[in-house]
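In what follows, a structure is listed as structure tokens, so that the remarks can point back to it.
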Amino acid sequence: MKNGALEVLEQALVWLQAGHGVELVTVVRTWGSSPRPVGSIAAVRDDGVLVGSVSGGCVEKQLSESFRGQAASRAHTHKVDDEEARRFGLACGGELELVFETLDSAAALLDLLERLGRRERVRREVSIGNSEATLAPASRSDRFGWDGQLMRQIFGPSWRLLIVGAGQLSRFAAEFGQAIDFEVLVVEPREHFREAWNVPSVAILSDSPDDAVLQFANDPHSAVLALTHDPNIDDLALLEALPGKAFYVGALGSVRNYEKRVKRLAGLDVPADAIARLRGPIGLSIGSRTSAEIAISIMAELIQVRHSLG
């Protein structure tokens, strides 16, 4: 499963390799009502076919009908007034500032996609009037930027998700986590579970869960999901994750199991304020039953908590 930006870039590359001209469109600033955040991208083929979204529908039709390939990048502000907003079912009007880039060769995206294929985090900078973008490694603190002349895009995951256990629930959680732009790692000390793991895009570690937390998920951009339902494994991760810096720590289990886990952790001298950070039972209460549904509830809670961080 891929995030929307990656799908747009991959489709744009396919079009370029087939000999089409492609225009890449990026939201760089918004005012008023805007269904898509800054950094959202779309690609328009020279015959009007479009992939991705920069407005949730209110300007995409115009983009697809008016491919305007030029030799260099340029900025354009598109205003969505109240009448147009009503026509497209939006609550109110607003304005979008968009940057248009004309891509004339596959090389323009190939290097970027190769880096993203290696799960790297990449900073892409585009200057208005310059037909070539520059690429560089991005730190986890880098964010999208626009100063009216230079656009700084950040591609690749800035958030990391460490999943403890390699069962069926973990498979769905890993795939959904990647789709919402987490870098996902799975730690599984049990060899037979590692051998059955079938998500090739997600690395699986044989480390002890506590060591994995300390090495990979001990900062404010990390989340830890303890999903084995085996306290001998899950509690190892929680012992390090709860007093640590991860923004989210959750564990699978019923309310009764959660109460037992709290007592165990307290008996292992985990501070009460650290135990209070534990999300359990894990996920939002949406009546989930199947593994896929439980994974969705977990991702929903992760999104909720991540957005609350600002």
Side-chain angles (χ1 to χ4, degrees), residues 1-11 13-14 112-122 140 155-219 221-230 232-234 236-238 240-241 246-253 279 281-284 286 288-303 305-306:
M1 213 175 261
K2 302 168 184 173
N3 63 44
L6 184 57
E7 290 182 343
V8 170
L9 295 171
E10 288 182 339
Q11 185 59 68
L13 177 63
V14 170
L112 173 60
L113 284 167
E114 287 177 349
R115 296 186 189 208
L116 294 178
R118 296 192 294 267
R119 301 295 291 168
E120 295 179 15
R121 185 162 160 80
V122 183
R140 296 183 74 183
F155 293 102
S158 60
W159 302 86
R160 177 175 288 164
L161 180 60
L162 178 66
I163 299 174
V164 181
Q168 185 183 50
L169 172 57
S170 296
R171 176 171 64 84
F172 286 114
E175 291 175 338
F176 295 160
Q178 284 190 321
I180 58 174
D181 211 24
F182 278 92
E183 176 189 10
V184 181
L185 300 172
V186 173
V187 58
E188 177 55 84
R190 301 167 297 185
E191 184 177 359
H192 58 289
F193 276 91
R194 289 199 306 273
E195 291 176 351
W197 183 248
N198 61 350
V199 185
S201 62
V202 175
I204 186 163
L205 311 171
S206 60
D207 306 50
S208 178
D210 50 342
D211 291 337
V213 168
L214 290 173
Q215 184 173 355
F216 299 107
N218 194 28
D219 65 68
H221 285 84
S222 296
V224 177
L225 310 181
L227 302 183
T228 70
H229 220 308
D230 182 343
N232 294 319
I233 297 175
D234 287 344
L236 278 175
L238 299 177
E240 298 296 346
F247 79 91
Y248 179 100
V249 182
L252 184 66
R279 301 271 175 163
I282 197 170
L284 296 183
I286 57 174
S288 302
R289 294 181 180 274
T290 67
S291 294
E293 290 173 346
I294 294 169
I296 289 170
S297 76
I298 295 171
M299 293 306 114
E301 189 170 48
L302 274 176
I303 292 169
V305 176
R306 182 169 68 176

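The shown structure was predicted, so the numbers you read here are calculated from the model rather than taken from an experiment.
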For [X] and [Y], indicate whether the former's side chain and the latter's backbone hold a donor-acceptor pair under 3.5 Å.
X	Y	result
Asn218	Val213	no
Glu293	Ser288	no
Glu7	Gly4	no

Next on the checklist: Please evaluate residues Val305 and Arg279 with respect to the criterion side chain to side chain contact (heavy atoms under 4.5 Å, CB included), reporting the C-alpha separation (whole Å), side-chain torsions for both, the decisive distance (0.1 Å), and the verdict.
Outcome noted: CA-CA 11 Å; Val305 176; Arg279 301 271 175 163; 3.5 Å; yes

Checklist entry - Between Ser170 and Phe193, is a side chain to side chain contact (heavy atoms under 4.5 Å, CB included) present by the stated rule, with each step listed? => result CA-CA 11 Å; Ser170 296; Phe193 276 91; over 6 Å; no

Checklist entry - How long is the gap from CZ on Arg115 to CZ on Arg121, to the nearest 0.5 Å? => result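 Those atoms lie 14.0 Å apart.
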
Would you indicate whether the side-chain heavy atoms of [Y] and [X] approach each other to under 4.5 Å?
X	Y	answer
Tyr248	Arg306	no
Leu252	Leu169	yes
Leu116	Val122	yes
Thr290	Phe172	no
Leu227	Gln168	no
Ser208	Asp211	yes
Leu9	Phe155	yes
Leu6	Glu10	yes

Item to check | Salt bridge flag under 4.0 Å for residues Glu183 and Arg160 | outcome: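 Arg160 and Glu183: salt-bridged.
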
If I compare all heavy atoms of [X] with all of [Y], which pair ends up nearest, and what's the gap?
X	Y	result
Gly167	Trp197	O-CZ3, 4.2 Å
Ala173	Leu161	O-CD2, 4.3 Å
Ala241	Val224	CB-CG2, 4.0 Å
Phe216	Ser222	O-OG, 3.7 Å
Leu236	Asp210	O-CB, 3.3 Å
Ser201	Gln178	OG-OE1, 3.0 Å

Checklist entry - Are Glu188 and Ser206 close enough that a side-chain donor and a side-chain acceptor fall under 3.5 Å? => result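 Short answer, no.
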
Checklist entry - Picking from Leu162, Ile163, Asp234, Val249, what satisfies side chain to side chain contact (heavy atoms under 4.5 Å, CB included) with Leu225? => result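 Going through the options one by one, the only one that passes is Ile163.
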
Excluding sequence neighbours, so at least two apart, what forms side chain to side chain contact (heavy atoms under 4.5 Å, CB included) with [X]?
X	result
Ile303	Ile180, His307
Glu195	Glu191
Ile233	Val164, Pro189, Arg190, Pro209, Thr228, Asp230

Checklist entry - Once the angle between the rings of His221 and Trp159 is folded into 0 to 90°, is it parallel (under 30°), tilted (30 to 60°) or perpendicular (over 60°)? => result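 Answer is tilted, since the angle falls between 30° and 60°.
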
